[in-house]
> 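My structure is below; once you've seen it, I'll send some questions.
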Amino acid sequence: MTHLPNSIEARDIAYQLHAYTDARKHEDIGPMVIEKGEGIYVEDNSGKRYIEAMAGLWSVALGFGEKRLVEAATRQMEKLPFYHTFSHKTHGPSVELAEMLVNMAPVPMSKVYFTNSGSEANDTAIKLIWYRSNALGQPERKKIISRVRGYHGVTVASASLTGLPNNHRSFDLPIANILHTTSPHYRTMKKDGEDEATFAKRCAQDLEDLILAEGPETIAAFFAEPVMGAGGVVIPPDGYWEAVQPVLKKYDILFVADEVICGFGRTGEMFGTKTYNLEPDMMTLSKQLSSSYLPISALMVNEKVYGPVADESHKIGVWGHGYTASGHPVAAAVALENLKIIEERDILSHIKSVSPKFLSRLNSFNDHPLVVETRGIGLIGAIELGHEELSKTPGALGARANAEFHANGLISRNMIDALAFCPPLIISEKQIDEMFDIAEASLENMSKAL
């Protein structure tokens, strides 16, 4: 595709490397340039309007153009545009946000450490877990288990936790001491004759078998999303968490709940941890924490984690870890305002009121000839496609549907052949219909063309 010289598209091709993109293909087709957004909609530089069915990257909880967040950032920029949290320094926004998060936590938490992305939060969690094992005199307890299809980020360590092949290929990942256990996706992982209850129990047994094979004394932690996001919106079967958590407790293995996507209302409760009655020792948060207006993430730890870490830092004389922008005052101020709005506007009640419409429209696609499965909870879901010919090339059908969606004014994301829906939490029932009407028309167009 030819772009005008010096156009933003041509300059983008010339100078920028993009995430999750075929770099050579990008040189040919160039970017979609998004210029502005309002509510659940964004607009490109040609003036075309789209429903942002992914809330950006699972993240713009309050939608685009929320003036209170802009004003909060402006006030803080004028007062204190930057300061750090190294070596006993602090500032108001980081303290207030840490206090708010500990008080909001669905299970007892002791401390908050701020980072800048979900990847950094999970990476820091790994370092903290290893540090704690050494503090407890258990240097052999360093192995960490996550799950096939799980997504925990893209730093060297967090990408190793991620259980998706393309996050490992040619990166020399995963690193040592990172293990993966069974994905809780019933349709693709079940054995002949297994109902969901039996499958859930087998997932827990697979986890225990892995622990025993490696040696329980070598396993430090288990990382998991309450609902898998980037792995295809995988909803755990009934009984899954009830079977898995006792295994962790039996062998005194720390549980890290990755709430980067699920947190702050996405599953219909403030945290996925509450939705599924989880009891994590650590929680990682990001995305909807600030509606992604500014980068910020957080790692929350309970006293079982904090105590040994604090003791070891006292023994050494320093906890030798930190990021320049940890607890950045402007990002923290925006996150505070974001959480205040979620509470003041009772966004949770709104989610619960519109979720039945969202799930009803989502599940109606089960009758479509191109659809093999729908899955969802709260305001997150996926439509998985299948076709006898195109399914021979995994991702071909999903990419084709995604392109059709774009052409018709809907931005989704295909994860192989699953199309994700994770709209801003402020979406109305009328807008839910608008979103799925476009998806339905797009799939009908595809059906006729195949």
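Each residue takes its place number in the sequence, starting with 1.
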> Output yes when R202 and D206 qualify as a salt bridge under the 4.0 Å nitrogen-oxygen rule, no when they do not.
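Salt bridge flag = yes for D206 with R202.
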> Assess the side chains of T162 and N167: does a donor N or O sit below 3.5 Å from an acceptor N or O?
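Side-chain D/A pair, T162 to N167: absent.
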> Is the number of heavy atoms from other residues, nucleotides or ligands under 6.0 Å of K201 NZ greater than 12?
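Incorrect, the count does not exceed 12.
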> Verify whether one side chain among Y251 and E208 offers a donor that lies under 3.5 Å from an acceptor in the other.
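Yes, because at least one side-chain N or O of Y251 sits under 3.5 Å from a partner of the opposite role on E208.
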> Once you round to the nearest 0.5 Å, how far does SG of C422 lie from CD1 of I427?
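Between C422 SG and I427 CD1, I get 10.5 Å after rounding to 0.5 Å.
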> Parallel, tilted or perpendicular: which one describes the rings of H152 and F223, with boundaries at 30° and 60°?
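Judged by the thresholds at 30° and 60°, the geometry between H152 and F223 is perpendicular.
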> Step through the shown structure and confirm whether more than 12 heavy atoms of other residues, nucleotides or ligands are within 6.0 Å of CD on E343.
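Not buried by this count: 12 neighbours or fewer within 6.0 Å.
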> Could you state the interatomic distance from CE (M100) to CG (N103), rounded to the nearest 0.5 Å?
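Nearest 0.5 Å value for the CE-CG distance: 8.5 Å.
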> Judged by modelled atom types alone, do N408 and Y50 share a side-chain donor-acceptor pair under 3.5 Å?
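The criterion, which ignores hydrogens and geometry beyond distance, is not satisfied for Y50 and N408.
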> Side-chain contact, heavy-atom cut-off 4.5 Å: H350 with R345?
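SC-SC contact between H350 and R345 ruled out.
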> Is the side chain of D417 donor-acceptor paired with the backbone N or O of G398 at a distance under 3.5 Å, no angle test?
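Yes; judged by distance alone, with no hydrogens or angles, the pair exists.
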> Between the side chains of E440 and H368, does any donor sit under 3.5 Å from an acceptor?
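No pair is found: no donor N or O on one side chain lies under 3.5 Å from an acceptor on the other.
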> Output the distance between atom CD (E269) and atom CG (N277), rounded to the nearest 0.5 Å.
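Interatomic distance, E269 CD to N277 CG, rounded to 0.5 Å: 9.0 Å.
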> Quick check against the 3.5 Å criterion: does Q431 have a side-chain atom that pairs as donor or acceptor with the backbone of S428?
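Flag set: sc Q431 to bb S428 pair under 3.5 Å.
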> When rounded to the nearest 0.5 angstrom, what distance separates CD1 in I296 from CG in L336?
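So the gap between those two atoms works out to 8.0 Å.
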> May I ask you to check whether over 12 heavy atoms, not counting those of E38, lie within 6.0 Å of atom CD?
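Result for CD/E38: open.
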> Please check if the side chain of H387 supplies one atom and the backbone of S447 the other of a donor-acceptor pair under 3.5 Å.
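Not at all, since once roles are kept as given, no pair shorter than 3.5 Å links the two residues.
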> Within the side chain of S326, is there an N or O that forms a donor-acceptor pair under 3.5 Å with the backbone of G322?
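Side chain of S326 to backbone of G322, a donor-acceptor pair under 3.5 Å: no, none is there.
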> Give a yes or no on whether a salt bridge exists between E27 and K25, defined as a side-chain N under 4.0 angstrom from a carboxylate O.
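The answer is no: the pair does not qualify as a salt bridge.
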> Answer with yes or no whether the side chains of H18 and D12 bring together a donor and an acceptor at under 3.5 Å.
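Per modelled atom types, D12 and H18 side chains form a pair under 3.5 Å.
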> Side-chain contact test, heavy atoms from C-beta onward, threshold under 4.5 Å: evaluate it for M300 versus K111 and give yes or no.
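Of all side-chain heavy-atom pairs linking K111 with M300, none is under 4.5 Å.
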> Please determine, by modelled atom types, if H328 and N116 share a side-chain donor-acceptor pair under 3.5 angstrom.
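Absent: no donor and acceptor within the cut-off.
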> Please work out whether the ring planes of F222 and W241 are parallel, tilted or perpendicular, with thresholds of 30° and 60°.
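Ring orientation of F222 relative to W241: perpendicular.
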> Evaluate the criterion salt bridge (Lys or Arg N to Asp or Glu O under 4.0 Å) for residue pair E196 and K190; output intermediate values, then yes/no.
CA-CA 8 Å; E196 285 201 20; K190 67 180 177 180; over 6 Å; no
> Is it true that E43 and K48 have a side-chain N and a carboxylate O under 4.0 angstrom from each other?
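Salt bridge between E43 and K48, a charged N being under 4.0 Å from a carboxylate O: no.
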> Taking atom CE of M282 and atom CE of M109, what is their separation to the nearest 0.5 Å?
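Between M282 CE and M109 CE, I get 8.5 Å after rounding to 0.5 Å.
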> Can you label the angle between the W319 ring and the Y131 ring as parallel, tilted or perpendicular, going by 30° and 60°?
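The arrangement is perpendicular - the two ring planes meet at more than 60°.
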> Could you check whether Y323 and F114 have their ring centres less than 6.0 Å apart?
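Distance test on ring centres: not under 6.0 Å, no.
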> So for atom NZ, which belongs to K274, do other residues, nucleotides or ligands contribute more than 12 heavy atoms lying within a distance under 6.0 Å?
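Result for NZ/K274: open.
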> Should R147 and P184 count as side-chain neighbours, where that means a heavy-atom distance under 4.5 Å?
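In contact.
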> Under a plain distance cut-off of 3.5 Å, with no hydrogens placed, do N445 and S442 share a side-chain donor-acceptor pair?
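Their side chains do not contain a donor-acceptor pair, so the 3.5 Å distance test is not met.
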> Is it true that F358 and F436 have ring centroids separated by less than 6.0 Å?
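Yes, ring centres under 6.0 Å apart.
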> When rounded to the nearest 0.5 angstrom, what is the spacing between OG in S94 and CD in E99?
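Taking OG in S94 and CD in E99, the distance rounds to 11.5 Å.
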> Strictly distance-based, threshold 3.5 Å: is any side-chain N or O of S412 a donor or acceptor partner for the main-chain N or O of A420?
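Checking the backbone N and O of A420 against the side chain of S412, a donor-acceptor pair under 3.5 Å is found.
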> For Q245 and Y240, run side-chain hydrogen bond (donor to acceptor under 3.5 Å, both in side chains): C-alpha distance rounded to whole Å, both residues' side-chain angles, the deciding distance at 0.1 Å, then the answer.
CA-CA 9 Å; Q245 289 191 99; Y240 174 81; over 6 Å; no
> Less than 3.5 Å apart, any donor N or O on the side chain of S158 or N122 sitting next to an acceptor on the other?
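No - no donor-acceptor pair under 3.5 Å links their side chains.
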> Is there a side-chain contact between I129 and L254 (heavy atoms, below 4.5 Å)?
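I129 vs L254: side chains touch.
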> Please examine the side chains of R413 and Y20, heavy atoms only from C-beta on, and report whether any two atoms are closer than 4.5 Å.
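They are in contact (side-chain heavy atoms under 4.5 Å apart), so the answer is yes.
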> For G231, does its backbone N or O pair with a side-chain atom of R149 as donor and acceptor, under 3.5 Å?
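Checked: pair present.
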> Taking only distance into account, with no hydrogens and no angle test, what donor-acceptor pairs under 3.5 Å do side-chain atoms of residues 169-176 form with protein atoms, sequence neighbours excluded?
residue	atom	partner	partner atom	Å
R169	NH1	N166	OD1	2.4

> Should R132 and E312 count as an ion pair when the cut-off is N to O under 4.0 Å?
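Result for this pair is no, no salt bridge flagged.
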> Just wondering, more than 12 heavy atoms not from N366 lying within 6.0 Å of its CG?
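For N366, atom CG is crowded (more than 12 foreign heavy atoms under 6.0 Å).
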> Are E384 and H185 linked by a side-chain donor-acceptor pair shorter than 3.5 Å?
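Distance-only check fails for E384 and H185.
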> Please list all pairs passing the side chain to side chain donor-acceptor pair (under 3.5 Å) test where one or both residues lie in residues 297-310, with sequence neighbours left out.
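Side chain to side chain donor-acceptor pair (under 3.5 Å) check on residues 297-310 returns S110-E303, T115-S297, D252-K304, D281-N302.
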> Is there a side-chain contact between L207 and T182 in this structure, where contact means two heavy atoms from C-beta onward sitting under 4.5 Å apart?
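They are not in side-chain contact.
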> For R266 and L379, indicate whether the former's side chain and the latter's backbone hold a donor-acceptor pair under 3.5 Å.
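Looks like yes, one N/O pair under 3.5 Å.
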> Check whether any side-chain N or O of T198 sits under 3.5 Å from a backbone N or O of E194 as a donor-acceptor pair, and report yes or no.
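Pair absent, no side-chain N/O of T198 close to backbone of E194.
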> Just by distance, no angles: are the side chains of T155 and E120 close enough, under 3.5 Å, to form a donor-acceptor pair?
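There is no such pair between these side chains.
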> Between R49 and D44, is there a side-chain N and carboxylate O pair less than 4.0 Å apart?
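Answer for the salt bridge query: no.
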> Any side-chain heavy atom of I341 within less than 4.5 Å of one from N338?
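Not in contact.
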> With a 3.5 Å distance limit and no angle check, can you tell me whether E337 reaches the backbone of V334 through a side-chain donor-acceptor pair?
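Between the backbone of V334 and the side chain of E337 there is no qualifying donor-acceptor contact (under 3.5 Å).
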> Between the side chain of E225 and the main-chain N/O of G150, is any donor-acceptor distance below 3.5 Å?
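Between the backbone of G150 and the side chain of E225 there is no qualifying donor-acceptor contact (under 3.5 Å).
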> Kindly indicate whether the side chain of M228, heavy atoms from C-beta on, has any atom under 4.5 Å from the side chain of Y151.
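No, side chains not in contact.
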> Is it true that atom CG of L136 has more than 12 heavy atoms of other residues, nucleotides or ligands lying nearer than 6.0 Å?
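Enclosed: over 12 neighbouring heavy atoms sit under 6.0 Å from CG of L136.
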> With a 4.0 Å cut-off, would you call D433 and K357 a salt bridge?
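Answer for the salt bridge query: yes.
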